[in-house]
There are 2 protein chains.
Amino acid sequence: MQQLDHTFAALADPTRRAILARLALGEATVGELAEPFEVSLPAISKHLKVLETADLIIREKRAQQRVCKLKPEALKTASDWIEQNRRMWEERFDRLDAYLRELQSRETDNGNG
Amino acid sequence: MQQLDHTFAALADPTRRAILARLALGEATVGELAEPFEVSLPAISKHLKVLETADLIIREKRAQQRVCKLKPEALKTASDWIEQNRRMWEERFDRLDAYLRELQSRETDNGNG
DNA sequence: CTTGCATTTAACCGACTGGTTATTTAACTT
DNA sequence: AAGTTAAATAACCAGTCGGTTAAATGCAAG
């Protein structure tokens, strides 16, 4: 799924994750978002475009500023993928674990009998 | 956190996600993993290295083959980050929603009084 | 010890990334 | 209309990515 590509790629950058964390505290303008970072404004603008393409945020005009807000739905897609797979993985490991325990107990039985 | 960078970057590629999904069904050799894809073996080998660096899989020698297995712990790191943030985001949106509802009801009260 | 198989490494390629500075666009202020 | 402010775009750069083919490695079996 191409949506997942974009979401995970967007989340793979620490600056972008920090921007998202900041936005979780409330909407902010591009300038406000850029302020804590030591990179240029165009760099932040590019990060915001990546986040917007990944559907993680929206930017809306407000006078001469652009206000950024989170869009929580997209994160759910990624979260769902991970959780679904994690469940599969762990089931698999649980089965393996049970199998190994069974082997173990059989050997013990043989050893004792 | 650098671990998150690697994990999300690894998950951002559809071939790598497919490999993980395959491995959820059980361990597999490099050749077995490569078989369903239309790319060369070295390409798969590189993907596996990315997954290994991200700590999502381990490769162990078995005769002249390398057997790949999932390592579920790393996925938890990513899952935790997403879930934690998702909760923050949604709380934020819940608060905003409550606030807007309150505004609405006040205006209604004023209009009626 | 040579042959064969499974996989990795090397060298290379075009496309993309994250950064820069300089320029342009858009909207408010005077 | 001219100036100021906020942000985006353009053009560029070094580095990484995902892919290739060809060569090297590791191991088992004759």
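In what follows, chains are A, B, ... by sequence order, proteins preceding strands, each numbered from 1. Side chains included, hydrogens not; waters and symmetry mates left out as well; all remaining heavy atoms used.
T7(B) places a side-chain N or O within 3.5 Å of a backbone atom of Q3(B) that can act as its donor or acceptor partner.
The salt bridge (charged side-chain N to carboxylate O under 4.0 Å, His left out) search around E32(A) returns none, not counting sequence neighbours. By the side chain to side chain donor-acceptor pair (under 3.5 Å) test, E60(B) is found to be paired with K69(B), residues two or more places apart in sequence or in another chain being considered. With sequence neighbours excluded, the residues forming a salt bridge (charged side-chain N to carboxylate O under 4.0 Å, His left out) with R17(A) are D5(B), listed by chain and number. When the side chain to side chain donor-acceptor pair (under 3.5 Å) test is applied to Q2(A), no partner is found at least two apart in sequence or on another chain. Checked against side chain to side chain donor-acceptor pair (under 3.5 Å), S79(A) has the following partners two or more places apart in sequence or in another chain: E83(B). Residues meeting the salt bridge (charged side-chain N to carboxylate O under 4.0 Å, His left out) test with R16(B), sequence neighbours left out: none. E27(A) pairs by the side chain to side chain donor-acceptor pair (under 3.5 Å) definition with R62(A), not counting sequence neighbours. R59(A) meets the salt bridge (charged side-chain N to carboxylate O under 4.0 Å, His left out) test with E52(A); sequence neighbours excluded.
If you check residues 4-18 of chain A against DNA chain D, you find no residue with a heavy atom closer than 4.0 Å.
Legend: salt bridge (Lys or Arg N to Asp or Glu O under 4.0 Å) pairs involving residues 33-50 of chain A, not counting sequence neighbours: none detected.
Here A63(A) lies in heavy-atom contact (under 4.0 Å) with sugar-phosphate atoms only.
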For nucleotides 7-14 of chain D, just jot down a letter per nucleotide in 5' to 3' order: B, S or -, based on protein non-hydrogen atoms under 4.0 Å. SSB-B---
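Bounding nucleotides for the chain B contact on DNA chain C, 5' to 3', at a heavy-atom distance below 4.0 Å, are dA6(C) to dA11(C).
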